[in-house]
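Only one structure is covered here, and it is reproduced in the block below.
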Amino acid sequence: MSSEDSHSAIELDVSNMFRENLQGDYGFNTDDIEEKKAAVSDAHSCIEREQPGFMKLPFEQDQVVDDIKDLRDAMIKEVDNFVVLGIGGSALGNIAVQTALNPPYYNENCEFRGASPRLYVPDNVDPVRFASLLDNLNLSRTIFNVISKSGTTAETMSLYLIARDRVAQEVGEEKVQDHFIATTSSSSGYLLKIAEREGFPEFYIPEDVGGRFSVLSPVGLVSSAFCGVDIEGLLAGAADMARRCQEEDVWNNPAYMHGLLHYLAYQQGKDISVMMPYSHQLKDVADWYRQLWAESLGKAETREGQQINAGQTPVKALGATDQHSQLQLYMEGPRDKVVNFIEVAEHDRDVEIPGFYDDLDGVNYLGGSSLGELLNIEKRATEMALSQRGRLNCTIKMPEVNPHTLGQLFYMLELETALVGELLDINAFNQPGVELGKNYTYGVMGREGYEDKKEEFEQQSRSESKYTI
Ligand SMILES: O=P(O)(O)OC[C@H]1O[C@](O)(CO)[C@@H](O)[C@@H]1O
């Protein structure tokens, strides 16, 4: 890959959000955009003034990058497996980067071209999955990065307690500290206390960077660096997108244009945003986007005495797989969606389709093309079919999947989330709605200070159970 290729810019094609390209009376015209320019401008000033933490990550981490690489170089010889113990924003970015940049496939010499060390991110407390993982890893050659900004998340801390116990049994108490890294807040939380007590290497998540905006902080960078990803490339891509997006004019700012069109679509009842990459490598970016969009924009606010429940529901899909599963709904179901395609011009590898069966018309036309070509043609065909039914869709075009383009994509989606938060007049950076469920869990699990939640839970459970059939 030439360095020029690796630095190509991703593009946003929003043609099919506009009435002139859609059949029927659907979509927007340029006046709709012009009318909102002042609101975008106000939102831009606000974002620039407040500088949410994720905006600084591409520019202010030289020392962090050096520290990560130093630790990796010191530990890497002893490591076959790298396990991330985290959940939500402390896991999904790790998975997205890994699937995108270390697809597990064999190279031309039949060598496994997955990451080395191999990355595992359970992102859950499912006992079957975690037990099988621990049983199958050589723990003496495994590093665990325990990631929790709050340092209290029950799922993460439970996995850590189990892993610590198993590692101690395998390598002995005195060597436990060689197998753990802690990534957490620098100022508070139980994980920080544990890391200090145990002598684990520590990386810090800036206070103003929430989990879903943290993929380009040590949360995502440590596992990426250990697994051979060019983390400077990721950050450089994000920095390039940040520079492009300093432009206040929405016509020149892909994050603002994408965000504004989603906002306008939402105002017209498009309550669902489908993220549908036509690249298996990007399928977990769609998963990461789901948390970003849902947790940032799904908010309850009271305005002038009225309760408002805001937020577009993000749905992940995958081309071409979901053409054979979801597309029927997207074509003919409720007009409540914006479909976001991600198209990759040059796939990392391609496979030619051989020509056989000259006499069988329904099969022989495939010969001589390639899987990459088929995938991209299917994307364009789906895009056209949706547009012909007046279904709003747009395309993020990636020249190829590499650290630089992935960094751009992450940053663009994060910034547009911040913009839509401003346009909706909600706080895109908190998540108060997740606390109640957590507090019931703490209560029932016996955490001190949550006794009232246990009581409430037990009372409520009794009355609910009479409707169980
Ligand atoms: O990094 P932490 O504090 O363990 O949080 C994990 C995840 O849990 C949440 O707080 C939601 O419960 C997310 O916002 C976050 O990404």
Side-chain angles (χ1 to χ4, degrees), residues 52-54 57 64 83-98 121-126 130 144-164 180-195 200 202-224 284-300 310-311 313-314 316 410 413-414 417-418 421 426-445 447 450 453:
F54 78 88
L57 296 175
V64 173
V83 183
V84 167
L85 302 181
I87 197 160
S90 293
L92 295 171
N94 291 268
I95 303 172
V97 173
Q98 190 69 11
V121 191
D123 186 29
N124 203 347
V125 284
D126 184 274
F130 198 56
F144 293 85
N145 186 11
V146 191
I147 308 180
S148 174
K149 183 171 176 198
S150 61
T152 54
T153 301
E155 294 89 342
T156 303
M157 298 319 286
S158 306
L159 298 185
Y160 161 68
L161 293 170
I162 297 165
R164 193 215 175 279
F180 288 89
I181 299 168
T183 303
T184 187
S185 153
S186 62
S187 60
S188 62
Y190 293 98
L191 181 55
L192 184 68
K193 287 193 174 71
I194 290 170
F200 299 158
E202 293 168 19
F203 289 103
Y204 303 119
I205 308 165
E207 297 306 322
D208 55 358
V209 176
R212 56 192 178 273
F213 291 89
S214 70
V215 57
L216 297 173
S217 79
V219 169
L221 296 180
V222 176
S223 70
S224 300
D284 293 322
V285 169
D287 213 10
W288 168 85
Y289 166 79
R290 229 162 41 125
Q291 184 200 6
L292 179 71
W293 207 243
E295 222 176 49
S296 303
L297 304 178
K299 299 283 156 68
T313 302
K316 62 173 175 171
F410 282 137
L413 294 172
E414 288 173 350
T417 304
I426 49 113
N427 181 349
F429 301 103
N430 65 3
Q431 54 284 329
V434 301
E435 293 309 319
L436 186 56
K438 279 188 192 176
N439 293 342
Y440 284 134
T441 304
Y442 292 148
V444 178
M445 292 292 285
R447 183 169 168 185
Y450 293 83
K453 289 287 167 234

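Any value given below was found using the heavy atoms of this structure, including those in side chains, with hydrogens, waters and symmetry copies removed. Each ligand, and each atom within it, is numbered from 1 in the order the structure gives.
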Task: For Gly211, the ligand 1 atoms whose distance to one of its heavy atoms is below 4.0 Å - done: 16 (O)
Open item on the list: On a heavy-atom basis, I'd like to know which of Lys438, Gln291, Gln431 is closest to atom 12 (O) of ligand 1.
Closed with: Lys438
Task: Quiz item: cation-pi between Lys193 and Tyr190, 6.0 Å / 45° - done: yes
TODO: Ignoring angles and geometry beyond distance, decide whether Gly89 reaches within less than 3.5 Å of ligand 1 through its nitrogen or oxygen atoms.
DONE: yes
TODO: Tell me yes or no: between the side chains of Glu202 and Thr184, is some donor less than 3.5 Å from an acceptor?
DONE: no
TODO: Quick one: list whatever passes ring-ring contact (aromatic ring centres under 6.0 Å, His included) with Phe180, sequence neighbours left out.
DONE: Phe144, Tyr160, Phe200
Open item on the list: Tell me the protein heavy atom at minimum distance from atom 14 (O) of ligand 1, and give that distance in Å.
Closed with: Glu295 OE1, 2.7 Å
TODO: For atom 7 (C) of ligand 1, find the nearest protein heavy atom and state the residue, atom name and distance (0.1 Å precision).
DONE: Ile87 O, 3.6 Å
TODO: Enumerate the atoms of ligand 1 whose separation from the nearest heavy atom of Ser148 is less than 4.0 angstrom.
DONE: 1 (O), 2 (P), 3 (O), 4 (O)
Open item on the list: Are Asn430 and Asn427 packed together at the side-chain level, in the sense that at least one heavy-atom pair is separated by less than 4.5 angstrom?
Closed with: yes
Open item on the list: Suppose we screen for ring-ring contact (aromatic ring centres under 6.0 Å, His included). Which residues come up paired with Trp288, at least two apart in sequence or across chains?
Closed with: Phe410
Task: Polar side chain donor-acceptor pair, Glu207 to Ser185, under 3.5 angstrom - done: yes
TODO: Number the atoms of ligand 1 from 1 as they appear, then name those within less than 4.0 Å of a heavy atom of Thr153, with their elements.
DONE: 2 (P), 3 (O), 4 (O), 5 (O)
TODO: State whether the shortest distance between N or O atoms of Thr156 and N or O atoms of ligand 1 falls below 3.5 angstrom.
DONE: no
